[in-house]
Amino acid sequence: FDRGSLSGKRVFITAGPTREALDPVRYISNHSSGKMGYALAEAAVDAGAKVTLISGPVNLPAPQRCERIMVESAEQMLAASLEHIDECDIFIASAAVADFRPVAVAEHKLKKGTEEIMELRLVKNPDIVASVAARQNKPFTVGFAAETRDVVHYAQDKLSRKNLDLIIANDVSRSDIGFNSDDNAVTVVSHDDVQQLPLSSKRQLASKLIEIIAAHQEN
Ligand code: C5P
């Protein structure tokens with residue numbers, strides 16, 4: 001592991017879930033633990049980068065020597081991601097952003113009422129990594145893809161559709177890896193290459209991924 005491979009580089013990493021408020025006490029979210037993003041932040045710091053971690057609500061301490069910005073919703077995560085984007089060399093989107101949010105946030109706690117069925121109206125959230133990659137002076141942009149089948153095929157599609165430079169894909173149909181697990185096995189997909197990384201701890205994997213990202217962004 002080359003400790004200086006990202007020396008002087010500014011790296012932004014989104015991590016964890018987002019929370020989309022329904023009313024003052026309720027939200028829609030997901031089970032993302034943030035472990036992969038936090039491990040990537042640590043590995044990037046170790047490689048000499050100046051790291052900003054833009055994190056949804058998780059139960060993890062801030063990595064050392066790293067700036068952490070805590071956010072709740074996808075819209076807040078987008079705003080935090082774009083605020084200093086012109087200083088960013090490498091953008092890594094590991095957050096599990098909620099695809100939709102409630103159309104409106106009720107000012108007061110929603111009441112049960114007497115109806116057996118309650119309907120929720122949702123509106124699509126902005127795509128954070130695609131917004132970053134759509135910029136004229138875009139940083140080297142890395143996304144994640146969680147798939148249950150045809151992992152490489154969907155990753156390649158996402159790579160071009162979102163204008164990314166690299167996709168880290170994992171097969172979430174396997175229960176031993178991904179989301180809340182401490183381990184992960186991924187496939188790294190670039191525009192001209194597919195590389196499988198074997199099952200290992202998220203920590204080890206993060207070091208390897210940072211090495212691969214450093215090598216790619218030099219080109
Ligand atoms: O389209 P899909 O959600 O599968 O794409 C996953 C990738 O896109 C991840 O890198 C995730 O962090 C990013 N993403 C995002 N903003 C969204 C949805 C996904 O940055 N609203």
Side-chain angles (χ1 to χ4, degrees), residues 11-21 27-41 44 51-58 60 68-85 88 90-103 122-135 138-173 177-180 184 186-191 197 202 205-206 209-210 212-213 216-217:
V11 178
F12 290 10
I13 302 173
T14 68
T18 64
R19 274 183 191 171
E20 310 299 332
Y27 56 80
I28 295 172
S29 192
N30 61 65
H31 288 296
S32 168
S33 65
K35 283 174 189 164
M36 195 64 236
Y38 275 58
L40 283 166
V51 179
T52 301
L53 184 57
I54 301 160
S55 174
V58 296
L60 297 169
R68 181 170 71 162
I69 301 169
M70 296 300 292
V71 298
E72 298 245 328
S73 67
E75 288 181 303
Q76 289 170 357
M77 188 173 274
L78 176 67
S81 297
L82 294 181
E83 193 172 353
H84 299 292
I85 194 67
C88 176
I90 302 170
F91 189 92
I92 306 174
S94 74
V97 183
D99 289 324
F100 293 89
R101 66 177 181 277
V103 169
L122 305 174
V123 57
K124 214 176 213 143
N125 265 327
D127 192 312
I128 299 167
V129 76
S131 306
V132 168
R135 296 177 62 82
K138 80 172 175 107
F140 186 85
T141 310
V142 183
F144 277 73
E147 306 292 350
T148 55
R149 62 193 172 102
D150 295 337
V151 174
V152 172
H153 175 81
Y154 284 121
Q156 282 166 334
D157 174 63
K158 206 163 286 186
L159 190 71
S160 50
R161 200 161 30 82
K162 299 197 188 200
N163 196 31
L164 309 181
D165 297 297
L166 215 60
I167 282 252
I168 301 160
N170 60 342
D171 184 344
V172 288
S173 67
I177 59 174
F179 259 49
N180 239 312
N184 208 349
V186 299
T187 306
V188 182
V189 179
S190 70
H191 289 282
L197 303 187
K202 284 187 177 172
L205 200 59
L209 288 170
I210 288 298
I212 292 171
I213 290 167
H216 270 89
Q217 60 92 43

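Read the numbers this way: they start at 1 and go in the same order the structure lists the ligands and their atoms. All values reported here derive from a predicted model rather than from experimental measurement.
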Please determine whether a side-chain nitrogen of the Lys or Arg among Lys162 and Asp127 lies less than 4.0 Å from a carboxylate oxygen of the Asp or Glu. yes
inquiry  = Using side chain to side chain donor-acceptor pair (under 3.5 Å), reason through Ser81 and Glu83 one step at a time and then give a plain yes or no.
reply    = CA-CA 6 Å; Ser81 297; Glu83 193 172 353; over 6 Å; no
re atom 4 (O) of ligand 1, the protein heavy-atom contact at minimum distance is Lys158 NZ, 2.4 Å
* Using the side-chain contact (heavy atoms from CB on, under 4.5 Å) rule, take Leu159 and Arg161 through it: C-alpha gap first, then chi angles, then the decisive distance, then the call. => CA-CA 6 Å; Leu159 190 71; Arg161 200 161 30 82; over 6 Å; no
- prompt: Are any of the heavy atoms in Glu147 under 4.0 Å away from ligand 1?
  reply: no
closest protein heavy atom to atom 16 (N) of ligand 1 is Ile128 N, 2.9 Å
TODO: Verify side-chain contact (heavy atoms from CB on, under 4.5 Å) between Leu205 and Val186, making sure each step is shown before the conclusion.
DONE: CA-CA 9 Å; Leu205 200 59; Val186 299; 4.0 Å; yes
* To do: Give a yes or no answer on whether the side chain of Thr52 reaches the backbone of Phe12 with a donor-acceptor pair at less than 3.5 Å.
  => no
Under the criterion side-chain contact (heavy atoms from CB on, under 4.5 Å), I'd like the reasoning laid out for Glu147 against Tyr154: C-alpha separation, chi angles, the key distance, then a yes or no.
CA-CA 8 Å; Glu147 306 292 350; Tyr154 284 121; 3.5 Å; yes
**OP:** Would you check whether Val129 has a nitrogen or oxygen atom less than 3.5 angstrom from a nitrogen or oxygen atom of ligand 1?
**Re:** yes
A student checking ligand 1 against Gly143 at a 4.0 Å heavy-atom cut-off should list atoms 10 (O)
The closest protein heavy-atom partner of atom 14 (N) of ligand 1 is Asp127 OD1, 3.9 Å
The protein heavy atom nearest to atom 19 (C) of ligand 1 is Lys162 NZ, 3.8 Å
N-O pairing of Asp171 and Arg149 below 4.0 Å: no
heavy-atom search around atom 7 (C) of ligand 1 in the protein gives Phe144 O, 3.0 Å
The option among Ala74, Pro126, Ala95, Ala169 carrying the non-hydrogen atom nearest to atom 21 (N) of ligand 1 is Pro126
among protein heavy atoms, the one nearest atom 18 (C) of ligand 1 is Val97 CB, 3.8 Å
> Quick check: does Thr14 get an N/O under 3.5 Å from an N/O on ligand 1?
Replying inline: no
Review point. Within a reach of under 6.0 Å around CZ of Phe144, are more than 12 heavy atoms found that belong to other residues, nucleotides or ligands?
Key: yes
Item to check | Geometric N/O contact Ala145 with ligand 1, under 3.5 angstrom | outcome: no
